[in-house]
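Okay, structure first, notes after.
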Protein chains: 2
Amino acid sequence: MRLRDETKEQAIREQAMKMIVREGFDGLSMQKLAKAAGVSPATIYIYFKDREDLIRQIYYEEMQMMSQETLRGFDPAMHFDEGLRVQWMNRANYCMKYPLRMHFMEQMRHSPFHEKFQTDAQNPFSVAMKVFVMNAIQRNELVKLPVEVYWSVAYAPLYQLIKFQQSEQGMPGWGKFVLDEKVLEQTLSLVLKALKP
Amino acid sequence: MRLRDETKEQAIREQAMKMIVREGFDGLSMQKLAKAAGVSPATIYIYFKDREDLIRQIYYEEMQMMSQETLRGFDPAMHFDEGLRVQWMNRANYCMKYPLRMHFMEQMRHSPFHEKFQTDAQNPFSVAMKVFVMNAIQRNELVKLPVEVYWSVAYAPLYQLIKFQQSEQGMPGWGKFVLDEKVLEQTLSLVLKALKP
DNA sequence: CAAAAATAAACGAACGTTCTTTTATTTAAA
DNA sequence: TTTAAATAAAAGAACGTTCGTTTATTTTTG
């Protein structure tokens, strides 16, 4: 029996992300993907049931990787300031390290696939976040508010900064924008100011 | 000479947005669109040069409408608190009134089309925003910071709230989320707290 | 009746997927 | 140790369908 060449699967995943980021879901065709990955179209169907399964599998794996990196060095029992900072820096680092993956996820999150591929609420990431927020509120390190409000104030600004950085230009007419340590710290401190009692 | 039936063009635009919102750019085919709009495929090409032009035109028109609604009752000379509140409420109202349009724009903004269809920095909206921010900083009603940081803290949380609302469910595992006046005010006050000196 | 709007039908190209064949590797009888 | 059966990976070519777009024609109306 012939063994699977795992580099082929990885090439398929990588090229698929590239195509989606560059041309959108429109631009992802199985035949073009096969060519880009240096593989026969039929080979893709050994690893993935169909086109949607391909997208779904990549999404789930990337989701898991990102969650894992986001939780690195994080403990739900942490003081709110510290916990939020750890998560910000983890996310920012991940984005700098893997811009393609981040870009892919960003596009995923705002497509109809996102609702189609709902993740369950029992995954480690959701659980950790839930505990973290409840702890912080109980200890009076965080103002009491609905999770959605918390999430919107705590992380949406970060993702917007990352989007500015990705697009290689910030607001139209204000010149180039670079997301460096200083800007990150500045924004985080504003967010903390908003959320702390 | 026969006159154009403007309802046809409107039907095409409307159905195109619906298809894109429901199935993504993948799901927008000219033949399906023609059928949905009750029109012949060839008719679409009377109003739009090609598929990309169709998307571009819809995008530009929606962009313009949204900008216009966002600036309703707004004056760049306003006090920062008031100006920001007006914009928040305008955006929120627009989203409640036209969820389809908002959803379409949200999807647009995070697709490769967004970078392809760059808008110029001289449009009334960008200009008004620029003046507003510079005024507020000069009057010491707003902390001094890069525009991108301002934008991220001031509006990203609002758009995230709207996204939660659109998805008909907030964070996984926390029950349903509704974006009402109270939540909006609460979040806005947090944002103001962050941005005011 | 002139002219533009609107259509039905059709074009070649590209789509997702599958069918058939070949290739590589393991297994085990000789 | 040799060799051939067995099996899954991988490939290439092709399937029928749908794609975006155009052409030829009809319909509508100033």
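Residue numbers start from 1 in every chain, and the chains themselves are labelled A, B, ... in the order their sequence lines are given, proteins ahead of strands.
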With heavy atoms under 4.0 Å as the rule, sort L28(A) into base, sugar-phosphate or nothing. sugar-phosphate

Please state how far atom CZ in R2(B) lies from atom P in dT25(D), giving the value in whole angstrom units. 18 Å

What is the distance from CG of D5(A) to P of dA10(D), rounded to the nearest Å? 6 Å

Report which part of the nucleic acid L54(A) touches: base, sugar-phosphate, or nothing (heavy-atom distance under 4.0 Å, all strands). nothing

Whole-Å distance separating the CG atom of L3(A) from the C1' atom of dT27(C): 13 Å

Where the side chain of K196(B) meets the backbone of L142(B), is there a donor-acceptor pair that is under 3.5 Å apart? no

Closest to the 5' end of DNA chain C, once Q31(A) and K49(A) are matched to their nearest nucleotides, is Q31(A)

Whole-Å distance between dT18(D) P and R51(A) CZ? 15 Å

Is the NZ or CZ atom of R13(B) positioned over F48(B)'s six-membered ring, under 6.0 angstrom from the centre and within 45° of the axis? no

side-chain N/O T43(B) vs dA5(C) OP1/OP2, d < 4.0 Å: no

To the nearest angstrom, how far is M30(B) atom CE from dA9(C) atom P? 20 Å

Could you tell me how far apart I46(B) (CD1) and dT28(D) (P) are, to the nearest whole angstrom? 14 Å

Of the listed nucleotides (dG20(D), dT18(C), dA9(D)), which one gets closest to any side-chain atom of S29(B)? dG20(D)

Between atom NZ in K35(B) and atom P in dC19(D), what is the gap in whole Å? 10 Å

Please report the interatomic distance CE(M63(B)) to NE2(H114(B)), rounded to the nearest 0.5 Å. 5.5 Å

May I ask you to test the L54(A)-M30(A) pair for a side-chain heavy-atom distance under 4.5 Å? yes

Determine yes or no for a side-chain-to-main-chain donor-acceptor pair under 3.5 angstrom, with N93(A) supplying the side chain and N90(A) the backbone. no

Of the nucleotides dT17(C), dA6(C), dC19(C), which has the atom closest to the A42(A) side chain? dC19(C)

When you measure from the side-chain N and O atoms of Y47(A) to the phosphate of dA9(D), is any distance below 4.0 Å, counting only OP1 and OP2? no

Rounded to the nearest angstrom, tell me the gap between atom CD1 in I12(A) and atom C1' in dA9(D). 12 Å

By nearest-nucleotide position on DNA chain C, the 5'-leaning member of K32(A) and S40(A) is K32(A)

